[in-house]
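Below is one structure, written out as structure tokens; the observations come after it.
Note that ligands are numbered from 1 as they come in the structure, with each ligand's atoms numbered from 1 the same way. When a residue number appears, it is its place in the shown sequence, counting from 1.
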Amino acid sequence: MPNVKNWQIGREMAYPYDARFPEKQFAFVFNINRCIACQSCTMACKSTWTFSKGQEHMWWANVETKPYGGYPQSWDVKILKMLRDADPEGQYWREKLSDGRYAPYGEFNGKTIFEANDATLRTESSRVLGYLPTDEEWTSPNIYEDNPVGPKGVRNELHTTGTELPVHDTWFFYLARICNHCSYPACLAACPRQAIYKRPEDGIVLIDQEQCRGYRKCVEACPYKKTMYRGNTRVSEKCIACYPRVEGSDPETGGQPMETRCMAACIGQIRMQGLVSIDDDGTWAEDRQHPLYYLVHVAQVALPLYPQLGTQPNGYYIPPRWVPRTYLEQMFGPGVERAIERYSHPDRELLAVLQLFRRSNRIIFRYEIEEGPLVYEGSYRGKDVRIYNDTVIAFGARGEELFRTQIEEPLHVREPIHANSI
Ligand code: SF4
Ligand code: SF4
């Protein structure tokens, strides 16, 4: 297998094809701290793409309660266990001096799903370590919703005393998921028909419905389980990143890049999606004023989901502040402590960039900040806090201003005559 460079794990790794990178890459940041599991995203996707016969079990976008929930059930526990069985001692990260953009999280010492496949000496014609979920595992997308980890790790029991940050005793969190439109897609690597392709213009990963013969190798290989088999058409389907919106060909977009349906519907305002520029070696080209570049590479508050699997996913998460760090580190890698610390004590620029989430459905390509007056001075958890009413301005694909918003939210006082009306 050729060797390719995977910056998220800080080293080269084996992959069935030579590396090829798109000019721009579809990417997104989800702020877990804000998700309320309203499932508006889930239903926005369902009512757009998977409402037809044979798609009843399909949820291209889903929100599961961690640690017990999962769609399909136990998808992450199962693949992590398979990796550990293939490499019992080796699945850990090695801290090393980061060389900036290339290895921001250190180096993953263990085996990815592409490397572990060889280690297990599997005899079937599979290029990627994976498994096919059972029908039953697909049937309860929201299983164990709101079930916390309680005393002694018992599911759905509560501690009887209160608790405080930094870590809660009784905890759960919501993990919103779509296809990560990975840089090294396992689905694409596994397909014997070469029916899966990654678009050179935006890195969106699609299944050619004419080429697919429904062998389900992609379903088996995707570690995030984001390709799904449709029984009545006998082909596989997956999230298409609402590409007519992203490319501006949907009539609603007016010809300009627009965020996906699941992003636009987000009530909790946790989601920001964008298109980032990619260098020849697959790393993100420096683009200091791009909000996603800033969140992932400058502030480093947003981390990839299970980077150790090796697909170089393009979905990034601001981890939840209240969850035990060991759990988060196995999910997001070693950058967790730094990300939570920065998110908990945001500097002036981070606070401004966080205001950009969901102020518009247009894709933001650049931001600027205009400084405003000091409006608050105090302390939080032992650190000084100063808040300025800065204005952050978002720009679109053509450099046009999309919107501007401020740190302080405007206060609207309803006239007494309307006090009880809605
Ligand atoms: S998340 Fe899965 S389906 Fe999506 S690109 Fe990555 S490997 Fe393929
Ligand atoms: S719409 Fe937003 S807040 Fe609601 S469940 Fe989805 S990601 Fe969470």
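Side-chain N/O atoms of Asn232 and Arg234 include no donor and acceptor closer than 3.5 Å. Judged purely by distance below 3.5 Å, without hydrogens or angles, the side chains of Arg338 and Gln300 pair a donor atom with an acceptor atom. Asn109 and Tyr92 share a side-chain donor-acceptor pair at under 3.5 Å. Side chains of Arg358 and Asn361: a donor on one and an acceptor on the other come within 3.5 Å. A donor atom on one side chain and an acceptor atom on the other are not found under 3.5 Å apart for Tyr15 and Asn3. Checked by atom type, the side-chain pair Glu136/Thr139 shows no donor-acceptor distance below 3.5 Å. Side chain to side chain, Arg261 and Thr48 meet the donor-acceptor criterion of an N or O pair below 3.5 Å.
Atom numbering of ligand 1 starts at 1 in the shown order; those under 4.0 Å from a heavy atom of Thr227 are 3 (S). Within the listing of ligand 1, atoms 3 (S), 4 (Fe) sit less than 4.0 angstrom from a heavy atom of Lys238.
Between Tyr293 and Trp284, the ring-plane angle classifies as tilted under the 30° and 60° cut-offs.
Counting only protein atoms, the N, O or S atoms lying less than 2.8 Å from atom 8 (Fe) of ligand 2 are Cys35 SG, ordered by chain and residue number. Less than 2.8 Å away from atom 6 (Fe) of ligand 1, the protein contributes these N/O/S atoms: Cys182 SG.
At a threshold of 4.5 Å between non-hydrogen side-chain atoms, the residues Cys182 and Gln312 do not count as touching.
Checked against the 6.0 Å centroid criterion, the rings of Tyr367 and Phe365 do not qualify as a close aromatic pair.
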